> 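The structure under discussion is supplied below as structure tokens; questions concerning it will follow.
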Amino acid sequence: MTHEVVLIPGDGIGPEITRAAQRVVAAAGVDISWHEVQAGAGVIDQYGAPLPDHVIDAIRTYGVALKGPITTPVGSGFRSVNVALRHAFNLYACVRPCASMPGDGSRYDNVDLVIIRENSEDLYAGIEFDADSVGAGAIADTVKKQTGKELGPQTAISIKPISRAASERIVRYAFEYARANGRKKVTAVHKANIMKCTDGLYLHVARDVAAEYPDIAFEDKIVDAACMGLVMHPEDFDVLVLPNLYGDIVSDLSAGLIGGLGMAPGANIGDGCAIFEATHGSAPDIAGQDVANPTAEILSACMLLDHLGETTAAARIRAAVRVTLSSGASVTQDVRRALTGSYDGAVGTTQFTDEVIDALSRMVV
Ligand code: ATP
């Protein structure tokens, strides 16, 4: 059977790593008709926007996409295309498994956790403004009432919307994920001691939902303590469910537990649509040099294959990646440095991908 999948190569290292993932999927014998579309800063001149309508239309038509990272300008410029896509398709759940692999270069060999990040609200809602623009309006009045202070000039404000509905949806998703995947515990991460209203609501809802799943253990942790716990005892964690911003930060921290951003796959899931992409960004510092680690994107493609029902192919590819990494002989520079302290002896993106494809040819699961 031929699967129809949208491909967004992205920019920075995106084209290199999505190409690697496509090659590995083809070598696994899965027949995919790729519908390639471009998004990001590079298409603004041609289409007038970083996320053109035909990209949205393609994803709407096929309902599933493999995506490379797309650069978001820092501090100014257009809004994140990655975030815009999540909003356009209501991709409310970001799923990021972090599991140790032999030879991944990490300091740990016992990590097996899954980050479930809420994708639709929180400080990622993009509601920001200068306080000057609200003047003596309702927000300034509220600040005065709660803190006794006037909003000073040159003060910028971000709004952190946390809703009961979105909190319930993501926590329920985490528990259903735990059940479906044989996981034993869900940890809700928050800062409800300080943000009593927003994170307090999130925690309250998490506790209510947890009561409906007596077969899955539940705990909550304040985000800073959760970070320390992850670094000291990652084996204590199973499924973590987090509001958007903590989810972003703890995702990168957790990637660091399994060898770095080049190792951490991900999926953005909504009702009737799913976009698969690595946890990392576009890594402009190493773009175009054939040195990026494609593992995160290849493992994201495995999540895509699971989603398409091609579970045997996904398992074969994961096994081939494990064999390639564990040999230690052909790894990209990020892993090489983690293993030996130096880039010497590292292979490039293309050669690493060749090695995975070679291992795949011997892989029966
Ligand atoms: P964003 O905020 O857009 O997600 P980020 O802050 O996660 O981006 P990245 O662009 O992912 O930042 O890069 C962070 C660092 O990790 C950079 O030094 C980059 O070179 C490295 N890195 C990211 N992805 C990879 C990869 N696939 N292979 C090797 N190194 C990578």
Side-chain angles (χ1 to χ4, degrees), residues 8-24 39-42 50-51 66-86 91 94 96 98 101 103-106 115 117 119 122-124 126 242 244-268 275-302 321 324-325 330-340 342-343 346-353 355-356:
I8 309 173
D11 53 35
I13 59 172
E16 299 163 66
I17 58 171
T18 49
R19 177 81 197 111
Q22 279 183 291
R23 288 182 59 213
V24 173
L51 182 55
L66 179 67
K67 179 180 161 297
I70 295 174
T71 306
T72 305
V74 177
S76 61
F78 61 83
R79 191 173 172 222
S80 164
V81 171
N82 313 305
V83 174
L85 276 172
R86 292 169 200 164
L91 303 172
C94 179
R96 291 171 165 172
C98 287
M101 286 206 204
D104 64 13
S106 161
I115 304 281
R117 166 185 174 188
N119 249 352
D122 192 7
L123 284 162
Y124 266 69
L242 311 93
N244 209 337
L245 182 64
Y246 310 144
D248 178 48
I249 297 165
V250 174
S251 290
D252 275 29
L253 185 154
S254 300
L257 303 175
I258 57 161
L261 282 168
M263 307 294 296
N268 297 293
I275 300 181
F276 297 83
E277 62 179 331
T279 293
H280 60 71
S282 57
D285 52 329
I286 55 168
Q289 300 166 38
D290 194 39
V291 296
N293 185 349
T295 301
E297 193 72 13
I298 292 170
L299 296 178
S300 301
C302 290
V321 169
T324 307
L325 282 169
S330 304
V331 292
T332 46
Q333 64 177 29
D334 53 331
V335 176
R336 188 78 188 159
R337 179 168 172 215
L339 287 169
T340 68
S342 144
Y343 290 161
V347 303
T349 312
T350 309
Q351 192 180 331
F352 176 79
T353 308
E355 300 283 347
V356 172

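All ligand and atom numbering here is 1-based and tracks the order in the structure. Since the model is a prediction, treat every value here as computed from it, not as a measurement.
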> Where is the nearest protein heavy atom to atom 14 (C) of ligand 1: which residue, which atom, and how far?
Leu261 CD1, 3.7 Å
> Between ligand 1 and Ala283, is the shortest N or O to N or O distance under 3.5 Å?
yes
> Check Ala278 against ligand 1 and report side chain, backbone, both or neither, counting heavy atoms closer than 4.0 Å.
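Neither; no heavy atom under 4.0 Å.
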> Hey, are the side chains of Ile8 and Leu85 touching, using non-hydrogen atoms and a 4.5 Å cut-off?
yes
> Any idea which of Val74, Ile286, Asn293 brings a heavy atom closest to atom 31 (C) of ligand 1?
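Nearest option to atom 31 (C) of ligand 1, by heavy atoms: Ile286.
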> In the structure I gave you, are the side-chain heavy atoms of Phe352 and Thr295 within less than 4.5 Å of one another anywhere?
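Heavy-atom side-chain distance check passes, below 4.5 Å.
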> Testing the 3.5 Å rule here: is there a donor-acceptor pair between the side chains of Thr353 and Arg23?
no
> Given the ring of Tyr124, does Arg117 sit roughly above its face, with NZ or CZ under 6.0 Å from the centre of the six-membered ring and within 45° of the axis?
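The answer is yes; both the distance and angle limits are met.
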> Thr279 versus ligand 1: do any nitrogen or oxygen atoms come within less than 3.5 Å of each other?
no
> For atom 25 (C) of ligand 1, which of Thr295, Ile70, Ile13, Val335 has the closest heavy atom?
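The nearest heavy atom belongs to Ile13.
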> With respect to atom 20 (O) of ligand 1, which of Thr349, Thr71, Asp285 exhibits the smallest heavy-atom separation?
Asp285
> Below 4.0 angstrom from a heavy atom of Gly262, which ligand 1 atoms are there? Numbered from 1 as shown, please.
26 (C), 27 (N)
> Any side-chain heavy atom of Pro69 sitting closer than 4.5 Å to one from Ile17?
yes
> Heavy atom of Thr72 under 4.0 Å from ligand 1?
no
> Quick one: nearest non-hydrogen protein atom to atom 6 (O) of ligand 1, plus distance?
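Going atom by atom, the protein heavy atom closest to atom 6 (O) of ligand 1 ends up being Asp252 OD2, 4.5 Å.
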> Does some non-hydrogen atom of Ala296 fall short of 4.0 Å from ligand 1?
no
> Evaluate the side-chain proximity of Val331 to Val347: yes if any heavy-atom separation is below 4.5 Å, no if none is.
no
> Is any side-chain heavy atom of Leu299 closer than 4.5 Å to a side-chain heavy atom of Met101?
yes
> What do the steps show when you test Asp290 against Gln351 for side-chain contact (heavy atoms from CB on, under 4.5 Å), and what is the final call?
CA-CA 9 Å; Asp290 194 39; Gln351 192 180 331; over 6 Å; no
> Under 3.5 Å between some N or O of ligand 1 and some N or O of Gly281?
yes
> Please write down residue, atom name and distance for the protein heavy atom closest to atom 24 (N) of ligand 1.
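I find the closest protein heavy atom is His280 CG, 3.3 Å.
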> Within 4.0 Å of atom 27 (N) of ligand 1 (strictly less), any protein heavy atom?
yes
> Taking the side chain as every heavy atom from C-beta outward, state whether Arg86 and Ile275 have any pair of such atoms under 4.5 Å apart.
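No. Closest side-chain heavy atoms not under 4.5 Å.
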